[in-house]
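One structure is given below, encoded as structure tokens.
The sequence lines fix the lettering, A, B, ..., with proteins before strands; numbering per chain opens at 1.
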There are 2 protein chains.
Amino acid sequence: MKRDSRLSSVLHALLHMAAHDAPMTSDVLARCMGTNPVVVRRTMAGLREAGLVKSEKGHNGGWSIACDLEAVTLRDIHAALGEPAVFAIGHRNEAPECLVEQAVNAALDDTFREVEALLLERFSRLTLAQLAEDFARRLAAHRQQMRNKPDAV
Amino acid sequence: MKRDSRLSSVLHALLHMAAHDAPMTSDVLARCMGTNPVVVRRTMAGLREAGLVKSEKGHNGGWSIACDLEAVTLRDIHAALGEPAVFAIGHRNEAPECLVEQAVNAALDDTFREVEALLLERFSRLTLAQLAEDFARRLAAHRQQMRNKPDAV
DNA sequence: GCTTCATGTAACTTTTGATATTACGAAACT
DNA sequence: AGTTTCGTAATATCAAAAGTTACATGAAGC
């Protein structure tokens with residue numbers, strides 16, 4: 001089952017953009033995310049509509065953050081991506097005749113509904129600022145390490 | 001994102017088998033699940049190894065339940081299917097160099113770990129017997145409805 | 001013992017959804 | 001004007017899952 005990595009990609013892009021003063025082009029973002037500029041534009045389109053980023057054409061154009069990192073949560077970004085399916089597990093048949101299958105679907109639906117609610121709740125507690133802070137911590141630790149062992153990889 | 005419906009399919013099959021005295025052939029199961037007998041065998045192979053069902057060759061052969069419906073939970077069945085991925089959302093890059101991506105992955109991993117734990121906990125509380133009971137309830141309700149409106153679809 | 005029914009499994013094909021690519025238009029800057 | 005960059009439609013590529021074919025194995029019935 002191949003997984004949808006748009007959320008992860010977009011977060012990656014947003015944090016890079018947050019650390020940059022100037023706009024970043026789709027091309028640069030694509031290279032740093034290991035994908036294609038058109039894919040970047042397509043993916044970011046949802047975020048632009050949600051007002052999380054803005055894009056500018058022409059020289060010195062590109063993408064930049066248009067929101068408060070403290071205020072925006074993963075929940076918002078997930079929504080901006082169109083609330084893609086969370087689970088890789090589902091039914092074969094959405095509205096079956098068979099009563100056995102109806103019973104199975106009902107039980108699974110209940111469970112997935114509850115679990116998805118928890119996921120979204122967790123998402124809504126994670127802000128971009130928190131991620132940025134965690135990144136800053138990792139960067140400091142990494143630099144410290146480099147200082148101690150300048151030759152190590 | 002296409003969803004893996006094996007869990008749902010297998011539950012459907014198990015409940016049908018539980019309601020049948022004689023073994024059911026892969027062919028019959030496949031027809032009732034809208035799939036292919038070879039796929040049924042492939043999918044059920046895991047359950048057989050886990051001792052949840054047994055298969056017999058030749059005349060009057062086929063699949064039958066080999067476990068206590070009260071004792072077996074969805075968790076067991078999920079395990080017997082090889083613990084397939086639960087989430088449709090994941091990372092692009094499992095072990096990135098980029099510290100930004102590491103921070104993003106760490107946050108998402110934490111969240112998904114917690115949410116998956118809840119899902120598995122819920123699965124472990126749902127027994128086959130409970131599903132069978134729910135089916136019986138639906139069947140009774142359906143029969144009642146038929147009795148009241150014998151002409152309706 | 002021979003035939004039939006059924007599973008077991010490997011190899012192969014088809015399907016499908018996601019991603020990537022190509023192409024070209026529109027806007028903005030120099 | 002010419003270059004840069006986004007916007008987007010159309011198309012191609014790819015990979016994973018599902019389906020199919022083919023054949024071997026074993027069990028039951030005659």
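Computed from coordinates, the A:Arg3 CZ to C:dT19 P distance equals 13 Å when rounded to whole Å. Residue A:Arg31 contributes atom CZ, which lies 13 Å from atom P of C:dT21 at whole-angstrom precision. Between the CG atom of A:Asn36 and the P atom of D:dC14 there is a distance of 14 Å, rounded to whole Å. A straight line from NZ of A:Lys54 to P of D:dT5 spans 17 Å, rounded to a whole angstrom. Between A:Asn60 atom CG and D:dT4 atom C1' there is a gap of 9 Å when expressed in whole angstrom units. Here the C1' atom of nucleotide C:dT16 and the CZ atom of A:Arg92 are 14 Å apart, to the nearest Å. Atom CD of B:Glu49 is separated from atom C1' of C:dG8 by 11 Å (rounded to the nearest Å). One interatomic measurement links the two molecules: CG of A:Leu29 to C1' of D:dT5, which rounds to 12 Å at whole-angstrom precision.
Judged by closest nucleotide on DNA chain D, A:Ser55 is the one of A:Ser55 and B:Gly34 placed further toward the 5' end. Comparing B:Thr25 and B:Val38 by the nucleotide of DNA chain C that holds the closest heavy atom to each, the one mapping nearer the 5' end is B:Thr25.
Phosphate proximity of D:dG7 to A:Arg41: absent, as no side-chain N or O sits under 4.0 Å from OP1 or OP2. Residue A:Thr35 has a polar side-chain atom (N or O) positioned under 4.0 Å from OP1 or OP2 of C:dA20.
In the set D:dA18, C:dT7, D:dC6, the nucleotide with an atom closest to the side chain of B:Val39 is D:dA18. Between D:dG19, D:dA18, D:dG7, one nucleotide has an atom nearer to the side chain of B:Arg42 than all others, and that is D:dG19.
Taking the six-membered ring where the residue is Trp, A:Phe112 and B:Phe123 present perpendicular rings, their angle passing 60° and hence far from 30°.
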For this session: Take A:Asp27 and A:Arg31, measure what salt bridge (Lys or Arg N to Asp or Glu O under 4.0 Å) needs, and give me the verdict at the end.
Result: CA-CA 6 Å; A:Asp27 217 80; A:Arg31 218 146 338 144; 2.4 Å; yes
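In terms of polar N and O atoms assigned as donor or acceptor, the side chain of B:His59 comes within less than 3.5 Å of the base of C:dT4 in a complementary pairing. Between the side chain of A:Arg48 and the base of D:dG7, no donor-acceptor pair of N or O atoms lies under 3.5 Å.
In this structure, A:Arg92 CZ and B:Ser5 OG are separated by 4.5 Å, a value rounded to the nearest 0.5 Å.
For the pair A:Gly62 and A:Pro23, the tightest heavy-atom approach, listed with the atom from each and the gap, is C-CB, 3.8 Å.
Counting only N and O atoms by type, the side chains of A:Arg41 and A:Ser26 include a donor and acceptor under 3.5 Å apart.
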